[in-house]
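Down below is the structure, laid out as structure tokens.
The chains referred to below are lettered A, B, ... by the order of the sequence lines, with proteins before strands, and numbering in each begins at 1. The shown structure was predicted, so the numbers you read here are calculated from the model rather than taken from an experiment.
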Amino acid sequence: MKILYTDVLVVGGGLAGLRMAIAARRRGHEAVILSLVPPKRSHSAAAQGGMQASLANVIQGQGDNEDVHFEDTVRGSDWGADQAVVRMFVHTAPKAVRELAAWGVPWSRVRRGDREVVINGERVTVTERDGAHGLVAQRQFGGTKKWRTCYVSDGTGHAMLYTVSDQAIAADIPVHERMEAIALIHDAGRCHGAVVRNLVTGELTAYVAKATAIATGGAGRLYRVTTNAVICEGMGQAIALDTGVAALGNMEAVQFHPTGIFPAGILVTEGCRGDGGLLLDGDGHRFMPDYEPEKRELASRDVVSRRMEQHIAAGRGAHSRFGEHLWLDITLLGRAHIEHNLREVQEICRNFLGIDPVREPIPVRPAQHYTMGGIRTDHTGECPTLKGLFAAGEVACWDMHGFNRLGGNSVAETVVAGMIVGEAIADFCDRTANDAVVSTGLARDFLGREQARLDDLLKGGGRENANTLKAAMQNVMTDKVGIFRHGEALAAAVEELQQLVERSRHLGVAYKAPGANPELVVAYRLQLMLRLALCTAAGALARTESRGAHYRDDYPRRDDGEWLKRTLARWPDPTAALPTLDYEALDIGAMELPPGWRGYGARDHMEHPAAEGRRARIEQVKRDLAGADRFAVQEALMPFRHLLPERYRGPNERLDEGTA
Amino acid sequence: MTAPNARRPRQLRIEVLRHNPADAASVPRLQGYELTEAPGMTLFIALNEIRETQDPSLQFDFVCRAGICGSCGMLINGRPGLACRTLIQDMDPHIRLAPLPVFELIGDLSVDTGKWMRAVGERLEAWLHGAAGADVDRMEAPMDPDLADAIYELDRCIECGCCVAACGSAQMREDFVGAVGLNRIARFRLDPRDGRDDGDFYELIGDDQGVFGCMTLLGCQDVCPKDLPLQTQIAFLRRHMARRGFGGG
């Protein structure tokens with residue numbers, strides 16, 4: 001039996017995992033990172049367009065601050081987010097950009113003087129201030145009032161990931177590559193580490209740790225068409241669910257990105273539209289202003305994706321041998337802009353479509369993009385029901401995105417949550433009461449259980465094929481749990497997924513090698529992925545309203561009276577056919593921004609009975625504090641600073657706002 | 001979109017150089033697979049189809065499948081390249097694939113670039129020096145916009161290993177840091193936030209394992225999927241390191 005001990009076991013080598021490990025290491029704790037792939041190949045690298053942080057350096061961002069970022073994010077979430085966590089996030093995001101600037105990220109910078117930009121299809125000249133020259137620049141993204149998205153050309157995630165990964169190397173943090181956590185070791189509500197499979201040799205090792213931090217990203221591969229990398233299969237959420245103790249929050253909240261290239265689903269950044277690109281239909285007509293006069297192409301992603309599919313369903317799509325799609329036109333931005341700020345987009349178009357976006361429009365259609373739901377944590381990133389288990393980034397439901405995430409807020413979350421949760425993990429490890437006290441018997445039990453599961457796949461004589469079942473699951477999810485949802489289709493999806501779960505108990509693997517065995521990997525992951533798919537489908541079926549990316553055409557209105565709450569899915573009985581669903585109410589009385597109209601999309605939501613009272617209370621507080629600064633007003637409405645690690649509580653300096 | 005293909009779909013023959021070092025009985029061999037071409041088919045799609053329908057034991061690595069992450073470098077008809085973004089419609093229907101040389105073979109088309117890159121990163125101390133102690137509450141230090149762009153130009157490397165696989169020096173001496181390593185040094189040398197000077201960089205690359213090991217064959221630049229200016233950077237570094245080596249500033 002092989003057991004390895006460390007202070008902090010980080011599962012996942014993307015931005016969130018690396019940043020947590022660095023935080024723990026700097027506080028004097030040993031950390032080991034597990035990664036399926038070399039960490040610089042993580043899906044964080046695919047974030048193209050940028051990271052939101054209210055630096056307010058560019059002239060179109062003047063007046064931006066934490067308050068504006070907060071409101072945009074809460075509206076974007078369709079009031080599903082935890083507002084205290086959003087506050088923690090928007091307050092720390094500028095610090096994250098500045099830390100990364102000091103660590104070496106080559107952020108694109110402001111250039112003083114006049115420059116031409118495209119806004120709402122028109123070329124206009126903006127003049128950048130002398131004082132902003134050389135500071136980190138921002139571009140426009142969807143669902144934001146100000147230009148807030150800091151960027152490195154359109155390789156933002158890549159540049160961030162390389163910088164943070166390099167700093168992890170500098171801090172001498174070991175990364176165990178091609179290693180996969182296949183189960184969490186736990187007992188009596190305490191997580192002790194993970195059973196880890198070596199993807200090359202097949203060997204199982206028990207990693208025992210004081211704190212276990214999951215940062216494995218999203219679960220896009222539950223769907224047939226996704227922008228996600230092939231490794232984004234939701235294993236972090238799945239092994240947490242498998243404990244029967246940890247809960248997954250809001251798994252029905254799945255984002256579809258408007259501009260996946262058609263038909264491959266590879267992402268082209270929202271920066272295309274942020275920088276002025278337009279969506280055109282089969283007739284070359286710009287259709288978004290017809291539906292969304294306020295924000296047009298730059299409404300939130302859930303709204304734009306729905307409008308696109310609605311337009312295609314109305315017969316207005318472009319036709320190709322692969323089916324219907326729409327066009328993303330960035331030709332109006334000009335060659336110089338595209339070759340400078342959208343070069344990855346140009347490369348992708350050339351390599352995968354054989355077209356040059358300088359001259360031709362790009363065929364696009366919405367594709368699965370982001371998993372808002374995930375391992376439910378408290379504001380420190382710890383699982384409330386499984387002590388010592390932490391999660392950060394896309395895998396977590398920390399819950400700053402609610403039912404729709406804004407573009408540029410995910411790569412920002414990775415580093416911000418990495419900073420905040422990393423400190424919480426270090427605090428946790430500082431406390432001697434949290435020393436690892438694990439019997440080798442417990443580790444042996446979990447190793448034995450997992451080995452038996454693998455042996456059963458290799459030697460059990462099952463006849464079902466994992467690839468066939470996986471494709472069936474992806475089809476069910478794409479066809480029945482997609483952008484437009486309906487009770488009957490969702491009920492059918494739940495039933496079909498249950499049948500797939502049953503069939504997955506009889507999986508057989510033709511190739512018997514115990515070590516590197518891609519077929520075995522598909523098989524053991526699929527059994528867990530099917531449960532995630534069921535959490536998504538069952539949660540969507542139960543939620544009889546429309547909120548953010550969860551749209552029910554049989555319940556098209558947001559229903560705050562009934563559904564201002566977070567879904568919690570657990571799977572306590574491994575033989576059960578369905579997850580248990582519980583709900584966690586969002587406290588309207590504690591909200592800084594009570595539910596209302598988002599500023600785009602539908603206006604017909606059903607009001608929560610307490611909303612009016614909370615709005616009146618907020619107005620009263622603002623009247624009482626007339627003349628006080630924005631920090632004092634905010635503090636009176638919803639205090640959050642005490643929730644942050646001390647080192648991140650300070651105010652953020654801006655060109656127009658000193659810290660004194 | 002390209003025009004619909006009126007021809008009958010082509011039959012492809014993909015030959016893979018196979019070997020599993022974990023299996024004592026394995027002998028390196030070429031194995032051929034036949035499949036029907038589909039519209040828009042890339043090597044990513046073709047290899048996955050082969051694995052799902054013909055040979056579950058076939059090993060290869062893909063992650064982003066969008067030409068961004070650098071996982072899928074392999075020899076495609078003898079030339080290093082990224083398989084995910086290789087469109088088969090542009091190729092002869094008889095395709096031969098082999099793993100990248102130089103790197104440790106994991107199996108078939110899968111090689112351990114991660115271990116190699118981390119080792120070079122550690123040797124070259126390829127991280128920004130002097131990064132500690134930033135006051136994250138204060139405004140960031142300004143940087144010339146053109147300089148930031150120039151640093152990003154070199155930062156676009158995805159460590160796919162194609163330059164190393166195409167490098168004559170790397171074939172002959174396993175301790176050569178390759179264009180990928182030299183490019184990283186060029187990147188940090190350009191960055192005013194890095195506290196090191198040419199004396200420090202000379203200690204890291206001023207020998208045959210570093211910039212003087214390059215034979216100027218420039219296969220690296222020919223195959224770089226990101227079109228990095230490797231030739232210019234290596235020449236530039238060599239000039240500065242030679243000056244440093246002769247005692248100049």
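Interface remark: B:A126 contributes backbone atoms only to the contact with chain A (heavy atom separation under 4.5 Å). Only the side chain of A:L55 comes within contact range of chain B, judged by heavy atoms closer than 4.5 Å. When heavy atoms are compared at a cutoff of 4.5 Å, A:R649 does not approach chain B at all. Looking at A:V37, the atoms closer than 4.5 Å to chain B (heavy atoms on both sides) all sit in the side chain, from C-beta outward. Within the 4.5 angstrom heavy-atom criterion, only side-chain atoms of B:F44, from C-beta onward, approach chain A. No part of B:A150 comes within reach of chain A, as not one of its non-hydrogen atoms sits under 4.5 angstrom from that chain. Neither the backbone nor the side chain of A:V509 has a heavy atom closer than 4.5 Å to any heavy atom of chain B. Heavy atoms closer than 4.5 Å to chain B are found in the backbone of A:T227, but not in its side chain. There is no contact between B:L82 and chain A, counting heavy-atom distances below 4.5 Å. Of the two parts of B:R156, the backbone and the side chain both hold a non-hydrogen atom closer than 4.5 Å to a non-hydrogen atom of chain A. When heavy atoms are compared at a cutoff of 4.5 Å, A:E344 approaches chain B solely by way of its side chain, counted from C-beta outward. A:N228 touches chain B through its backbone: at least one of N, CA, C or O sits under 4.5 Å from a heavy atom, while the side chain does not. For A:A264, the part lying under 4.5 angstrom from a heavy atom of chain B is the backbone only. Using a 4.5 Å cut-off between heavy atoms, B:S110 contacts chain A through its side chain alone, with no backbone atom that close. Contacts between A:H340 and chain B at a heavy-atom distance below 4.5 Å involve the side chain alone, from C-beta outward. For a residue to count as touching a neighbouring chain, one of its non-hydrogen atoms must lie under 4.5 Å from one of that chain's; by this rule A:A45 touches chain B with backbone and side chain alike. Heavy-atom distances place the side chain of A:H158, and not its backbone, under 4.5 Å from chain B. Only the side chain of B:D149 comes within contact range of chain A, judged by heavy atoms closer than 4.5 Å. No part of A:P361 comes within reach of chain B, as not one of its non-hydrogen atoms sits under 4.5 angstrom from that chain. For B:D146, the parts lying near chain A are the backbone and the side chain together; criterion is any non-hydrogen pair under 4.5 Å. Only the side chain of A:V200 comes within less than 4.5 Å of a heavy atom in chain B; its backbone stays farther off.
Per-residue counts of heavy-atom pairs under 4.5 Å with chain A were compared for B:A141, B:C84, B:S71, B:G121; the largest is that of B:S71. Highest contact tally toward chain B, considering only A:I362, A:V136, A:L520, A:N517, is held by A:V136 [criterion: heavy-atom pairs under 4.5 Å]. Note on A:I169, A:V175, A:I231, A:T92: by heavy-atom pairs under 4.5 Å with chain B, the leading option is A:I169. Among B:G107, B:A22, B:C157, the residue making the largest number of heavy-atom pairs under 4.5 Å with chain A is B:C157. Options A:A170, A:A513, A:A101, A:A318 differ in how many heavy-atom pairs under 4.5 Å they form with chain B, and the most are formed by A:A170. In terms of heavy-atom pairs under 4.5 angstrom with chain B, the leader among A:E99, A:R350, A:E177, A:R647 is A:E177. When each of B:E52, B:R65, B:R51 is checked for heavy-atom pairs under 4.5 Å with chain A, B:R65 comes out on top. Contact count versus chain A (heavy atoms, under 4.5 Å) is highest, among B:C69, B:A66, B:P145, for B:P145. With chain A as the partner, the residue from B:E122, B:R184, B:R187 showing the most heavy-atom pairs under 4.5 Å is B:R184.
Within the 4.5 Å cutoff, the side chain of A:T156 has no heavy atoms near those of the B:Y152 side chain. Between A:Q48 and B:I68 the shortest side-chain heavy-atom distance falls below 4.5 Å. The closest side-chain heavy-atom distance from B:R85 to A:I348 is not below 4.5 Å. Residues A:H133 and B:P142 fail the side-chain proximity criterion, which asks for heavy atoms closer than 4.5 Å. Residues A:W103 and B:L128 form no side-chain contact, since every pair of their non-hydrogen atoms from C-beta on lies 4.5 Å or further apart.
Atom OG1 of residue B:T86 and atom CZ of residue A:F352 lie 8.5 Å apart, to the nearest 0.5 angstrom. Taking NE2 of B:H129 as the start and CG of A:D166 as the end, the distance is 10.5 Å to the nearest 0.5 Å. Taking CD of A:E653 as the reference point, atom CE of B:M139 lies at 5.5 Å (rounded to 0.5 Å).
Between the side chain of B:R193 and the backbone N or O of A:V105, at least one donor-acceptor pair lies under 3.5 Å. Using a distance-only test at 3.5 Å, with no hydrogens or angles considered, a donor-acceptor pair links the side chain of A:R41 to the main chain of B:I158. Here the side chain of B:E140 pairs no donor or acceptor atom with the backbone of A:R98 at under 3.5 angstrom.
Under 4.0 Å is where a charged nitrogen must lie from a carboxylate oxygen, and between B:D61 and A:R178 at least one such pair does.
Listed by sequence position, B:P225, B:K226 are the residues of residues 220-230 of chain B in contact with chain A, using a 4.5 angstrom heavy-atom cutoff. Of all residues spanning residues 111-120 of chain B, those with a heavy atom less than 4.5 Å away from chain A's heavy atoms are B:V111, B:D112, B:T113, B:G114, B:K115, B:R118, arranged by number.
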CA sep, side-chain torsions, deciding dist, call: A:K95, B:D137, salt bridge (Lys or Arg N to Asp or Glu O under 4.0 Å):
CA-CA 6 Å; A:K95 303 180 199 304; B:D137 294 343; 2.6 Å; yes
Worked check of side chain to side chain contact (heavy atoms under 4.5 Å, CB included) between B:E159 and A:Y162
CA-CA 10 Å; B:E159 296 190 354; A:Y162 269 56; 3.7 Å; yes
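The two residues A:E347 and B:G67 come nearest to each other via the heavy atoms OE1-O, 4.5 Å. Of all heavy-atom pairs between B:A148 and A:P106, the closest is O-CB, 3.8 Å.
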